[in-house]
Amino acid sequence: MAIRVVRAAAGAVRRACGPCSPSLGPRLLRLPPMAGNVEAPAPVGARPERDPKARGGWRGGARIWEETEQQAKKLRSASDAEQHRKLPKRKIVLLMGYSGKGYHGMQRNVGSSQFKTIEDDLVSALVRSGCIPENHGEDMRKMSFQRCARTDKGVSAAGQVVSLKVWLIDDILEKINGHLPPHIRILGLKRVTGGFNSKNKCDARTYLYMLPTFAFAHKDHDVQDESYRLSADTLRRVNALLACYKGTHNFHNFTSQKGPREASARRYILDMFCEEPFVREGMEFAVIKVKGQSFMTHQIRKMVGLVVAVIKGYAPESLLERSWGEAKVDVPKAPGLGLVLERVHFDKYNQRFGNDGLHEPLDWTQEEAGVAAFKEQHIYPTIISTERQERSMARWLGTLPVHDFDATAHAAAGLGAKAPSPLGDSD
């Protein structure tokens with residue numbers, strides 16, 4: 001009797017609550033339908049029909065998730081942009097060192113990826129380190145970018161200075177250098193005035209030209225290989241010729257596409273001399289230093305080339321002075337491998353702003369040790385190893401007999417016209 005009562009009670013509970021699911025447990029108690037909302041009970045075992053609007057619920061949920069994720073990305077991007085806007089954007093200068101081997105000069109060729117330049121790697125590092133927005137990398141004018149000197153293909157630098165506006169992020173030098181190859185380094189950073197332009201504010205530039213001393217071996221009297229050693233007498237003669245360049249002269253013969261009467265062909269040289277030679281890896285080298293207000297394309301290489309031609313006995317000493325006249329002179333161009341931009345000078349800027357209590361003088365005395373180390377580690381070894389492997393100076397010296405220096409002398413004396421050089425002077 002009691003068992004029948006319990007079974008009847010259990011049946012009533014099942015009818016009210018529905019069957020029990022082992023996985024989900026007992027279903028919730030069904031509430032009685034409210035008035036006006038009575039639905040016919042579904043047959044036992046039949047699946048409840050879903051609302052058509054609910055059938056696409058998963059896809060709709062995915063769309064909602066995607067829209068939410070996009071909104072989150074926009075918020076994160078806006079947050080990053082807001083964070084950058086809060087960072088101070090200031091005009092600075094960067095002191096750069098680089099080995100120019102394998103690069104087609106300093107200046108970036110926007111829209112051309114065929115020829116890689118130093119600025120291509122620099123701008124990429126600035127963007128990746130978070131110093132400038134990506135669109136500034138595409139249009140360098142937006143960051144007021146200016147280089148002090150536009151070095152040619154293969155030319156290196158130990159003291160290049162560029163000016164630009166950046167976000168002053170923490171550890172800025174370390175972050176920029178972290179995205180640069182080891183043969184390109186940012187060696188220093190200084191704040192400058194808002195209107196500073198590294199090219200226009202530069203008073204003078206100092207270059208060095210490193211060459212093997214056998215370039216000064218006389219073609220008739222001396223050995224023409226790396227066993228040659230520069231004598232004190234020859235060094236004095238070299239310096240006497242280099243000193244002739246000091247002062248203001250018309251250097252139209254030392255570049256291309258400049259006429260003898262163009263005012264821009266006149267350049268002022270403050271100093272030029274050759275230092276004592278030194279031996280590296282069994283080969284003797286010497287360094288020629290030249291300081292001038294500004295230089296034209298290939299001017300220094302031709303200044304060195306003409307002195308070498310005179311010392312070796314291919315050209316007369318009088319050709320040096322005649323090259324500043326209006327007559328066309330065949331001036332040989334020394335290889336670009338040994339040319340290095342060593343230092344740029346801002347004397348007038350330092351006099352006006354260097355001691356105003358707000359700005360630092362641009363003298364880089366604290367960075368001199370780093371500059372010297374970079375030259376010893378990346379510039380000098382590259383020049384030495386490349387000269388040994390490619391013999392650029394030796395091959396160039398072999399072209400000197402082709403130049404017709406006698407025809408130039410005859411033309412200057414009014415005895416004839418200069419025959420065109422088989423090598424040509426144009427770029």
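All residue numbers refer to positions in the sequence shown, counting from 1.
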Should E368 and R343 count as an ion pair when the cut-off is N to O under 4.0 Å? yes

Could you tell me whether R229 atom CZ has more than 12 heavy atoms of other residues or ligands within 6.0 Å of it? yes

Do other residues, nucleotides or ligands put more than 12 heavy atoms under 6.0 Å from E276 CD? no

Got a salt bridge between K116 and D121, using NZ or NE/NH1/NH2 to carboxylate O under 4.0 Å? yes

Polar contact flag, side-chain donor to acceptor under 3.5 angstrom, S294-Y268: no

Does this structure show an ion pair linking E281 with R388, if we count only N-O contacts that are shorter than 4.0 Å? yes

Check the surroundings of atom CD in E321: do more than 12 heavy atoms from other residues, nucleotides or ligands lie under 6.0 Å from it? no

For atom NZ of K199, decide whether the heavy atoms of other residues, nucleotides or ligands shown that lie under 6.0 angstrom number more than 12. no

Taking the side chain as every heavy atom from C-beta outward, state whether S144 and L164 have any pair of such atoms under 4.5 Å apart. no

Shortest non-hydrogen contact from G354 to P361? O-CD, 3.4 Å

I'd like to check F273 versus K289 (side-chain heavy atoms, cut-off strictly below 4.5 Å). Are they in contact? yes

Verdict with supporting geometry, Y207 and F295, ring-ring contact (aromatic ring centres under 6.0 Å, His included): CA-CA 10 Å; Y207 283 83; F295 299 94; 5.5 Å; yes

Short N-O contact, R391 and E226, less than 4.0 angstrom: no

Between the side chains of S231 and D233, does any donor sit under 3.5 Å from an acceptor? no

Answer yes or no: does atom NZ of K258 have more than 12 heavy-atom neighbours from other residues, nucleotides or ligands under 6.0 Å? yes

Ring geometry between H183 and Y103 (parallel below 30°, tilted from 30 to 60°, perpendicular above 60°): tilted

d(K312 NZ, F214 CZ) to nearest 0.5 Å is 8.0 Å

A side-chain contact here means heavy atoms from C-beta on lying under 4.5 Å apart; do L180 and I186 qualify? yes

For H345 and T206, which I'm curious about, is there any donor-acceptor pair between the side chains at under 3.5 Å? yes

Would you indicate whether R150, at its atom CZ, is surrounded by more than 12 heavy atoms from other residues, nucleotides or ligands within a distance under 6.0 Å? no

For F278, what residues pass the side-chain contact (heavy atoms from CB on, under 4.5 Å) criterion, not counting sequence neighbours? M210, R280, F285, V287

Sidechain N-carboxylate O distance under 4.0 Å for K375, E342: yes

Apply ring-ring contact (aromatic ring centres under 6.0 Å, His included) to the pair F196 and F346, showing each step before the final yes or no. CA-CA 11 Å; F196 184 87; F346 301 96; 5.6 Å; yes

Do V310 and R237 have side chains that get closer than 4.5 Å, going by heavy atoms? yes

T151 and Q160: CA distance, side-chain angles, deciding distance, side-chain hydrogen bond (donor to acceptor under 3.5 Å, both in side chains) verdict: CA-CA 9 Å; T151 53; Q160 173 75 277; 4.8 Å; no

With the side chain counted from C-beta on, respond yes when M106 and T117 share a heavy-atom pair under 4.5 Å apart, and no when they do not. no

Just so I know, are the side chains of L230 and E284 near enough to count as touching, which here means a heavy-atom distance under 4.5 Å? yes

Between F254 and F251, how do the two ring planes meet: parallel, tilted or perpendicular, split at 30° and 60°? perpendicular

With a cut-off of 6.0 Å (strictly less than), are more than 12 heavy atoms of other residues, nucleotides or ligands near CD of E174? yes

Going by the rule salt bridge (Lys or Arg N to Asp or Glu O under 4.0 Å), which residues pair with D171 if we only count those two or more places apart in sequence or in a different chain? none

Does K190 qualify as a cation-pi partner of W364, given the criterion of NZ or CZ under 6.0 Å from the six-membered ring centre and within 45 degrees of its axis? yes

